[in-house]
Amino acid sequence: MVAELTTEAATGVVGQSVPRVDGDRFVRGQARYAADIHFPRQVECAFLRSPHPHARIVAIDVGRALALPGVVAVLTAADLEGRVGPHNFLWQRPDQHYGPGRCLAVDRVRFVGEALAVAVAEDRAIAEDALELIEVEYELLPVVRDIDEALADGAPLLHPDWGENTVDRVQWPHPHPKQRPQRVDERLAASAVVVRDVFWSQRVQAACMETRGTVVDYDAAGPAITVHTSTQSVHQVRESLSLMLSVPEHRIRVVAPDVGGAFGAKAAISREEAVVAHLALRLRRPVRWIEDRREAWTATTPARGQRVELELGFDLDGVITALRATNTLDMGSEPSPVGMGPVWVTGACMPGPYRVPGIEIHASAVVTNTPPVGSYRGFGQPEAIFPLERAIDEGARMLGLDPVEVRRRNLVEDDELPFTTPTRQVLDSGHYHDLLDLTLDRLDYPQAVADARRARAAGRFVGVGVAAFTESTNFGPTRNLFKAGIVASGWDSSTVRVEPDGHVRVFSSQAPMGQGIETVLAQSVADVLARPLDEIRVDAGDTLTGPYTGYASGGSRGAGIAGSSVTLAARKARAKLTAIAAHAMEVDADDVELDADGFAVRAVPGLRIAFAEVARLAYMAPRLPEGMEHGVEMTAAYDPPNNAFTYGHVAVVVELDPELGFVTIRRMVIGHDCGPQLNPAIVHGQVLGGAVQGIGVALFEELPYDADGQPRVSMMRDYLQPTAVDRPDQVEMVHLSTPSPYSLTGVKGVGESGVIATPVAIANAIQDAQPEGAPRITEMPVRPEWILDALAVDPPDAG
Amino acid sequence: MTAEREPTHEIDLRVNGEDVRVRTRARTSLADLLRDELRLTGTHLSCEEGVCGSCTVLVDGRSARSCLTLALQAEGSEVVTVEGLEGKDGTRAALQDAFLRHHAFQCGFCTPGFLVLATEIVDEARAGVEFDHDALVRRLAANLCRCTGYEPIVAAVEEVLADGR
């Protein structure tokens with residue numbers, strides 16, 4: 001019965017798992033990343049970074065560094081004064097505090113790794129040698145290491161002018177005279193059980209295989225710069241540079257070359273991008289900066305680091321009665337361009353895919369002497385789903401109910417969709433229950449539970465865990481962005497140009513970063529224009545060629561929003577070509593249709609004209625239909641009416657090794673619905689890759705700081721991430737394809753799906769594998785030593 | 001500029017089947033020599049500490065982390081980079097085709113390292129080394145990929161190993 005819900009591949013090439021249209025260069029070693037780009041007269045730069053978590057800069061002497069042969073310039077904050085403004089902010093909430101936002105630290109450093117000088121030299125090695133010759137006198141200041149220290153009475157203030165260490169606060173429901181009272185106290189008091197726990201989602205990093213890098217070319221005419229930078233958002237970078245450097249936008253071209261992974265970490269302007277662009281203008285020559293891995297661990301924005309104090313009430317039947325959450329983000333030393341965005345999203349997504357009658361959610365962000373938090377795949381959503389889905393399991397255990405049954409009793413029903421959550425998110429479409437059934441059927445849930453029980457009785461530690469999630473995608477319509485405090489528009493535009501020979505060139509300002517956007521855009525255009533894929537080329541990630549798009553690639557929006565704008569542009573091109581074809585054949589345009597062989601006249605067999613001939617006419621015909629301009633270059637914009645919510649369920653079976661504390665994932669099934677799939681292989685790859693990153697979050701990854709506030713990760717080997725042996729042999733997937741009413745093509749996003757519920761499904765399975773009475777999992781990652789301690793706990797009835 | 005230049009050394013090696021003579025500094029890594037001097041930018045630097053394997057090349061048929069290999073150590077050696085995997089006429093190698101078919105890359109940054117590592121594995125299999133599934137997975141765990149979740153990479157290499165049998 002569920003199978004009929006699946007809409008299979010549409011006609012044509014949309015819906016087919018075609019190989020990546022840009023794939024050849026990647027397998028031949030001919031992709032071109034930032035570090036591969038060189039220009040004549042180029043110089044290289046390197047940043048001096050603070051070795052202290054909190055210190056006053058008493059004096060900086062760059063004299064010896066400047067004297068080193070091969071050194072071209074050494075700059076500190078004083079040299080940028082009045083020439084490079086503070087970085088601008090994507091998220092600007094009305095009452096938030098702002099940090100200095102300076103690209104090189106002024107007077108004070110607030111985290112290990114904060115840049116305070118830049119050396120420019122003939123090559124990178126000399127630039128690094130120069131850094132060693134810069135003399136800095138620091139006066140050490142007391143260190144704020146974590147949320148508790150930031151909020152303690154008499155805590156040292158990172159930004160004394162704020163008068164506090166809290167950046168901003170927000171609550172749901174938003175205070176409003178007409179707001180229905182939530183009666184959360186009363187509802188919790190009347191609940192059969194209330195789960196109360198404090199959850200911690202650890203600091204992690206996207207850890208892209210390619211570090212960041214910016215190579216800026218200089219043109220004396222203008223002067224103008226071309227910024228080749230490893231970014232997800234070319235127009236955002238252009239806008240930011242224009243504001244920060246006071247250079248008009250038409251003199252700045254931003255190009256995303258091939259981007260070696262981004263996952264959010266390259267989503268907004270970075271301090272280094274602005275410094276390198278400034279250096280090119282200042283020195284009047286090309287300047288390169290390629291981040292090395294050692295600096296990347298502190299200089300690239302990390303993510304997460306959020307505490308959720310949760311109370312979740314249930315009645316005797318396991319129906320959720322109320323939710324109260326206090327969410328606190330450790331946002332690092334000052335707001336990054338995304339500010340408190342992640343904890344805002346956590347608050348907004350706290351009710352997950354469930355009906356929650358009463359809510360009270362307080363979210364805030366505090367500053368600590370660690371790097372400013374930025375974006376990373378999931379962006380606040382895993383931090384919501386981890387506590388929620390742990391608490392549902394715990395509530396089920398307290399009530400003696402099956403955790404899946406408790407989910408069934410609370411999941412939003414089909415006939416409630418579109419469903420407005422109490423945090424004002426609109427869950428638009430789907431079949432939440434059917435997909436749960438499909439997922440559990442694939443796992444054979446009753447059998448898996450019975451097998452695990454049997455294994456435990458035999459002394460093994462086997463457990464089953466399930467978790468549900470929603471993923472906010474197609475982020476977002478311009479009006480929703482501004483409502484959340486984001487100063488960027490959400491609309492996307494694309495251009496489709498049919499060349500005089502009939503081949504098609506597509507321009508998009510989305511940035512390819514591995515997500516396969518060129519391929520799905522080519523597929524979308526191929527279907528509308530009935531052209532083969534090899535006659536279509538997509539050029540993306542360049543402000544010179546691509547039409548404006550406000551937000552670009554992030555928030556799982558490329559396929560849904562750019563896919564919609566490119567479809568509209570292709571339709572405009574088809575309409576124009578159809579009119580030209582009709583004019584040439586002297587028939588009415590309504591009687592002409594396009595197929596793979598060109599334009600044909602309905603009802604007149606044999607009367608047709610080839611696509612390439614019509615394209616030629618568009619450019620060469622002495623006469624076109626009355627009033628029509630020559631050429632076929634059509635631009636269309638699309639602003640979605642709302643976000644679209646992808647959703648799904650993750651079910652896993654784990655076994656714990658009682659000797660070593662290691663976790664083996666025996667099975668993992670993901671049920672997933674992102675609407676119609678433009679390219680199922682790409683969808684599969686997005687979910688799978690995200691799920692394996694989720695394994696890393698659940699079991700390995702962490703950016704800890706020691707008692708002195710020093711980062712304990714400074715090399716790749718310090719940051720454990722999944723390798724080929726750390727995953728189940730096969731991540732099994734089942735899909736539904738329920739179209740969203742909120743995108744032109746019904747497509748919802750997929751980029752963040754895998755990473756949202758995988759970690760907590762694993763945590764739930766680990767909990768299930770442990771003996772009754774073992775401590776509850778409330779923190780990630782679940783380390784081997786924690787598991788060994790937990791397994792050592794005697795069951796209460798035996799103790 | 002009156003820079004006191006570091007001493008350089010002239011070395012001979014073969015890279016992707018061609019004889020090369022270059023001058024290099026003692027501190028130059030093989031990766032930097034390939035990327036900066038020979039402009040073979042397919043070899044990628046990610047961690048520069050030998051952990052991730054993005055910079056993997058073959059030196060005399062054995063995989064090596066070119067970030068931890070000094071250029072001088074490659075003197076007299078036969079070096080193969082990702083650019084050397086395709087045929088002289090540009091025909092893709094079987095592994096390159098398999099990576100395309102299986103969507104075994106997303107951002108592509110780790111791909112050259114995996115392709116070179118897989119080339120070594122396939123060469124060993126041709127020489128009679130048996131790779132069952134687990135042995136192949138363990139061997140591929142030498143390199144890091146942040147995008148794909150590894151499953152399609154394993155599948156692509158497994159397919160080529162099966163075809164070669």
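Keep in mind that this is a model prediction, so the values were computed, not measured. Lettering follows sequence order; numbering is per chain, from 1.
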Under 4.5 Å heavy-atom distance to chain B, tell me which part of [X] shows up: side chain, backbone, both or neither.
| X | value |
| --- | --- |
| A:V725 | both |
| A:V692 | side chain |
| A:A206 | backbone |
| A:D729 | both |
| A:V18 | backbone |

Assess whether atom CD of B:E10 is packed by more than 12 heavy atoms of other residues, nucleotides or ligands within 6.0 Å.
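Yes - once you tally the heavy atoms of other residues, nucleotides and ligands closer than 6.0 Å, there are more than 12.
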
Tell me whether B:R23 at atom CZ has more than 12 heavy atoms from other residues, nucleotides or ligands lying less than 6.0 Å away.
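Result for CZ/B:R23: enclosed.
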
Enumerate donor-acceptor pairs with a distance under 3.5 Å from any side-chain N or O in residues 682-690 of chain A to protein atoms, sequence neighbours excluded.
unit_1: A:Q686; atom_1: OE1; unit_2: A:R377; atom_2: NH2; d: 3.3
unit_1: A:Q686; atom_1: NE2; unit_2: B:Q106; atom_2: OE1; d: 3.4

Looking only at heavy atoms and a cut-off of under 4.5 Å, which of [options] has the most pairs with chain B?
| options | result |
| --- | --- |
| A:R25, A:R294, A:H38 | A:H38 |
| A:A207, A:S17, A:G516 | A:A207 |
| A:M513, A:Q515, A:Q30, A:Q693 | A:Q693 |

For each of [options], tally heavy-atom pairs with chain A at distances under 4.5 Å, and name the one with the top tally.
| options | answer |
| --- | --- |
| B:R101, B:R146, B:R35 | B:R146 |
| B:T148, B:L45, B:T111, B:I153 | B:T148 |
| B:C107, B:G149, B:C110 | B:C107 |

Taking 4.5 Å as the heavy-atom cut-off, does anything in residues 80-97 of chain B contact chain A, and if so which residues?
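From residues 80-97 of chain B, the residues near chain A are B:V82, B:E83, B:E86, B:G90, B:R92, B:Q96.
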
With a 4.0 Å cut-off on N to O distance, would you call A:R32 and A:D258 a salt bridge?
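Answer for the salt bridge query: no.
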
Please determine whether a side-chain nitrogen of the Lys or Arg among B:D36 and A:R124 lies less than 4.0 Å from a carboxylate oxygen of the Asp or Glu.
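A salt bridge is absent here (no side-chain N lies under 4.0 Å from a carboxylate O).
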
Against chain A, label B:H133 side chain, backbone, both or neither, depending on which of its atoms sit under 4.5 Å from a heavy atom there.
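For B:H133, the contact with chain A is made by the side chain alone.
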
By a 4.5 Å heavy-atom criterion (distance strictly below it), what part of B:V154 contacts chain A: side chain, backbone, both, or neither?
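When you check distances to chain A, only side chain atoms of B:V154 fall under 4.5 Å.
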
Go through the steps to decide whether A:L720 and A:D726 satisfy the test side-chain contact (heavy atoms from CB on, under 4.5 Å), and finish with yes or no.
CA-CA 11 Å; A:L720 297 180; A:D726 298 309; over 6 Å; no

Using the side chain to side chain donor-acceptor pair (under 3.5 Å) rule, pick out the option among A:K266, A:Q205, A:E291 that qualifies with A:T300.
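Single pass found, and it is A:E291.
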
With sequence neighbours excluded, tell me which residues meet salt bridge (charged side-chain N to carboxylate O under 4.0 Å, His left out) with B:R138.
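B:R138 satisfies salt bridge (charged side-chain N to carboxylate O under 4.0 Å, His left out) with no other residue.
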
Does A:R20 make a cation-pi contact with A:F26 (under 6.0 Å, within 45 degrees of the axis)?
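Yes.
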
Pairs meeting criterion side chain to side chain donor-acceptor pair (under 3.5 Å) with involvement of residues 38-55 of chain B, two or more places apart
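As it turns out, the side chain to side chain donor-acceptor pair (under 3.5 Å) pairs with a partner in residues 38-55 of chain B, which skip direct neighbours, are A:R293-B:S46.
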
Give the C-alpha distance, both sets of side-chain angles, the deciding distance and a yes or no for side-chain contact (heavy atoms from CB on, under 4.5 Å) between B:F131 and B:E124.
CA-CA 9 Å; B:F131 284 97; B:E124 286 177 23; 3.5 Å; yes

Evaluate the ring planes of B:F109 and A:Y33, with Trp represented by its six-membered ring, and classify them as parallel (under 30°), tilted (30 to 60°) or perpendicular (over 60°).
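If you compare the ring of B:F109 with that of A:Y33, the planes turn out perpendicular.
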
